[in-house]
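This report concerns only the one structure given below.
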Amino acid sequence: MPHADLNERQREAVLATEGPILVIAGAGSGKTRVLTERIGHLIADLRVSPYEILAFTFTNKAAREMKERLERVHPGSTEMLWVGTFHATGVRILRRHGDGAGVRRDFSIYDTDDSTGLVKAILARNPNDARFVKSPRVLRDIISRMKNDLVTPELAAERAVSNGEQRVAALYAEYERDLRKANALDFDDLINKVVELFAARDDVRELYARHFRYVLVDEFQDTNPIQMAMIDGLASYHGNLFVVGDDDQSIYSWRGARVEHILEFEEVYPATKVIRLEQNYRSTQTILDAANGVIAHNQGRKGKNLWTDGGVGDKVRVTACLDEESEALSVIDLVKREVSAGTSLKQIAILYRTNAQSRALEDVFKMGSMPYQIIGAVRFYERTEVRDILAYCKCIVNPADSINLKRIINVPRRGIGKTTIDQLEALAADRGVALVDAMREAQSTLGAAAASRVQSFLALFDELRRMADTEVAPHVIDAILKATQYHKHLEENYPDFEARVENVDELVSAAHSYAEGAEDKSLRAFLEEVALVADVDTLDLESGQLTLMTIHNAKGLEFDAVIVTGMEEGLFPHYNSIDDPTAVEEERRLFYVGMTRARQRLYVTFAAMRRRMGMMEGGMPSRFLNEIPERTLESPIEPVASPSVYGGAWSPRREYSRSLRDEYAQPEAADSYSQEASVAPSRPTALPAAEVSGGSEHNYEVGMRIRHDRFGAGIVRKVEGRGEQTRVTVIFDAGSERKFLVHYAPMRPL
DNA sequence: TGGTAGAGGCTTTTT
DNA sequence: GCCTCTACCA
């Protein structure tokens, strides 16, 4: 019998194929499995053509995995299947029928950075309006938010009450005009334009609505109004709309997501069948109890209680740390303990609220030679050198893209400076043409020297354009690098050019591997792929490394052991949310998502002090910690205040100067701190300057020869700190210089 | 035009 | 504490 190992509810969800269906799927309740088996059931049992099935996932990675699973069970079924993110699906539709909404088929996709550049240019043109806006990025976010809420520039102007709002609406209108002029769509447009298309052309809407007999949506709690409109249009003919979500895991309201889409689904689609999945197959009962206890503090929820018939498991361990550095050391300790207990590194995740927290962790992991991968901190495709090359690619494909043309017009330096560019832009604005056309027309108006430099840039540009017509993406990129001597540019301008060269090489190899797999190997197609990849998409869970990422990025993933760090008021919940009860509830859901990523063991850490924008600040333990039921904790959470250290109180937002901090971090003080403050029985061995037995086993001295397991032999250049925090700087024979924590690094004297 | 130094902003989360 | 932008000088 098919689907025999599903539980009753899951089977119901798989087999209920007709009409609107809402599945409330708790964390770890097997929803991915339900989604794939349901598609399998449609294809194999009901003989539905894969071509008639459309599934929305939250990331490209989730889409790929769903396809792979299906392919294993039903070989050949996925080729015609439409599975992807809203954005990717939008692109697919717009490439075919975009002209119905005034979108040319060869449009470019502007990422966040491109959009910000465009906003910046608009603000520069409108200095009087600029004062109504905090920064280009803020305006870009405001515009994005309006787009996600189906607010057009006209509507924004109508609704504007204050002068500031009117100016914003005007800037928004100008932004839209400039996007059209550049033949570009921003991220939001990829969905927006589909909705416009369906509204403007009923025949096109009906074409797609008839085509897709079955529409499935994963992570439904995180859909925003514009995505909802797109779903609605696509399901408008057959009405077989299957959505899966969890109101407790709604964490994208800042992007316009509306949890109401779940809560009110039954009203919008009256004949809805609701199925609840509450049996959890992922975590231990203890972890579920802990997570249930926390989320129960939220008011605005439908209410559900996850349970498992698996084991009780280990208690949750909370570790108090002095600052972010000792927190990182504690994390290493926890990881080492996990590894010696048999957990593989790839089954361990370190999670945090903000990307900025990754730096302190990364520094310590590097020095301890702990292999790790970070998702999302500095995104690969946002690095300067990668963006430069991509900017070349973008304006080669789309010469109307003045923003990207401006980016590279003088990179590497070719003597086309600010003065010339200003003149060219003025001319472009004057004639209402793209920057590249202004360059062609400017020969008479520019000075002779500038004119000839512009001329030779155009020659290079046109040559590359010709090439892109016929050559595959990796060849064009190679040609760009050669023609611009880009490597030389990196070497001459950046001390860390080696890493940058590596990044460029990585881009080239990405283009190569893309060209190997893809049908359309053109530069345009490659750019499209690049624009839509998210960082999680590159996550490699088989690499045997520890994974670090934000909780947002961890959505949908699971690990044997999870360490959630930085549990402090102001950080988690974040300052920006702390005064708004609704926002705090979202922060709580975020913590809930983090907790429920864990299968076997959950660890939580927090620090008494943390460097924030360069300033050392004291913080209070997060309110969420007190919401974890005590019976699920290994030991109760004690207040970390230690009078002798902190002068009586551990107050929030108190600032400590560096000298003050150093003064208090003296061994005696730190010792009394660690005795009183350590919460976990196995206190982090890394509290500052704590005397550690065996701390003297590392007798490194300057000038000593050492061997490191990964980097080979070298000479000690510098020794700092004491005990477990002893750091040595080593110059390796291979030439590189690195810093290590001797306690953790696989290194010994020779 | 290009280099540099100092100021200022930034850190919420992302397709 | 780091990155980006700007102002000023060579």
Side-chain angles (χ1 to χ4, degrees), chain A residues 56-63 84-91 109-113 115-116 120 124 134-138 140-141 144-145 147-148 185-192 219 222-224 226-227 250-257 324 351-360 363 375-379 381-384 410-422 447 449-450 453 492-493 530-537 549-555 566 570-578 583 586-587 589-591 593-594 610-617 658:
Chain A
F56 288 110
T57 58
F58 199 71
T59 62
N60 295 296
K61 183 168 180 282
T85 61
F86 284 100
H87 295 88
T89 305
V91 170
I109 300 171
Y110 265 17
D111 59 26
T112 314
D113 222 65
S115 301
T116 311
K120 212 180 278 178
K134 221 171 123 195
S135 71
R137 288 173 57 185
V138 168
R140 187 250 293 142
D141 285 345
S144 171
R145 191 54 200 273
K147 286 186 161 192
N148 279 310
L185 298 188
D186 66 15
F187 274 140
D188 303 318
D189 285 338
L190 299 180
I191 301 163
N192 241 315
E219 307 283 8
D222 287 322
T223 52
N224 61 36
I226 197 74
Q227 291 167 334
S250 154
I251 55 175
Y252 281 89
S253 73
W254 50 274
R255 207 166 83 181
E324 73 260 46
L351 307 181
Y352 36 78
R353 176 67 180 86
T354 67
N355 280 306
Q357 288 163 259
S358 68
R359 182 168 240 121
D363 287 347
I375 310 301
V378 188
R379 296 177 175 76
Y381 289 109
E382 284 176 17
R383 290 168 204 268
T384 307
N410 201 31
V411 177
R413 300 250 134 87
R414 45 175 73 91
I416 305 178
K418 193 174 180 308
T419 321
T420 311
I421 294 174
D422 283 349
R453 291 190 204 117
E492 284 170 358
N493 291 285
V530 164
L532 296 175
V533 296
D535 282 292
V536 231
D537 296 336
M549 63 188 137
T550 61
I551 300 178
H552 281 93
N553 263 320
K555 176 161 117 158
L571 191 57
F572 200 1
H574 197 270
Y575 290 112
N576 300 357
S577 305
I578 228 156
E586 177 144 324
E587 298 277 310
R589 289 193 293 271
L590 189 60
F591 183 42
V593 169
R610 188 176 294 275
R611 199 172 280 284
R612 217 179 102 78
M613 290 187 219
M615 289 284 267
M616 193 53 97
E617 289 179 18
R658 186 165 235 307

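In what follows, chains carry the letters A, B, and so on, assigned in the order in which the sequence lines appear, proteins first and then strands, with residues in each chain numbered from 1.
Residue F86(A) is out of contact with every strand shown, counting any heavy-atom pair closer than 4.0 Å. When heavy atoms are screened at a 4.0 angstrom cut-off, T112(A) is found touching base atoms of the nucleic acid. Residue N355(A) is in sugar-phosphate contact alone, with no base atom involved, counting any heavy-atom pair closer than 4.0 Å across all strands shown. Here D188(A) lies out of heavy-atom contact (under 4.0 Å) with every strand.
In this structure T89(A) satisfies the side-chain hydrogen bond (donor to acceptor under 3.5 Å, both in side chains) test with no other residue, sequence neighbours excluded. The side-chain hydrogen bond (donor to acceptor under 3.5 Å, both in side chains) check on R610(A) picks up E327(A), E568(A), with sequence neighbours excluded. Every residue meeting the side-chain contact (heavy atoms from CB on, under 4.5 Å) condition with N192(A), not counting sequence neighbours, appears here in chain and number order: K147(A), D188(A), D189(A), I226(A). Shown here are the side-chain contact (heavy atoms from CB on, under 4.5 Å) partners of R140(A), two or more places apart in sequence or in another chain: T112(A), S115(A), T116(A), V119(A), R137(A). For Y110(A), the ring-ring contact (aromatic ring centres under 6.0 Å, His included) test picks out no residue, with sequence neighbours left out. Residues meeting the ring-ring contact (aromatic ring centres under 6.0 Å, His included) test with Y252(A), sequence neighbours left out: F58(A), W254(A), H552(A). Judged as a side-chain contact (heavy atoms from CB on, under 4.5 Å), and not counting sequence neighbours, the contacts of A356(A) are T354(A). Residues that satisfy the side-chain hydrogen bond (donor to acceptor under 3.5 Å, both in side chains) test with Q227(A), not counting sequence neighbours, are absent from this structure. Remark: A450(A) engages T420(A), L446(A) in a side-chain contact (heavy atoms from CB on, under 4.5 Å) (not counting sequence neighbours).
Comparing K418(A) and R140(A) against DNA chain B, the residue whose closest nucleotide sits nearer the 5' end is K418(A).
The closest donor-acceptor contact from the side chain of N60(A) to the backbone of T85(A) lies at 3.5 Å or more, if one exists at all. Remark: the backbone N or O of Q357(A) is not paired with any side-chain donor or acceptor of E324(A) at under 3.5 angstrom.
For the C1' atoms, the distance linking dT13(B) with dT4(C) amounts to 22 Å, nearest Å. dT11(B) and dT6(C) have their C1' atoms separated by 23 Å, with the value rounded to a whole Å.
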N/O-N/O pairs, protein side and nucleotides 4-8 of chain C side, under 3.5 Å:
| residue | atom | partner | partner atom | Å |
| --- | --- | --- | --- | --- |
| dC5(C) | OP1 | K120(A) | NZ | 2.9 |

Would you tabulate the nitrogen or oxygen pairs shorter than 3.5 Å linking the protein to nucleotides 9-11 of chain B?
| residue | atom | partner | partner atom | Å |
| --- | --- | --- | --- | --- |
| dT11(B) | OP2 | R137(A) | NH1 | 2.6 |
| dT11(B) | OP2 | R137(A) | NH2 | 2.6 |

Is there any protein nitrogen or oxygen under 3.5 Å from a nitrogen or oxygen in nucleotides 3-5 of chain B, and what are the pairs?
| residue | atom | partner | partner atom | Å |
| --- | --- | --- | --- | --- |
| dG3(B) | OP2 | R413(A) | NH1 | 2.4 |

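Of the candidate nucleotides dT14(B), dG2(B), dG1(C), dG1(C) has the atom lying nearest to any side-chain atom of R611(A).
Atom NZ in K61(A) sits about 12 Å away from atom P in dT15(B), given to the nearest Å. The nearest whole Å value for the distance from the CG atom in D186(A) to the C1' atom in dT15(B) is 11 Å.
T59(A) has no side-chain polar atom (N or O) that falls below the 4.0 Å cut-off from OP1 or OP2 of dT15(B). Within the structure, a side-chain polar atom (N or O) of N553(A) is placed less than 4.0 Å from OP1 or OP2 of dT14(B).
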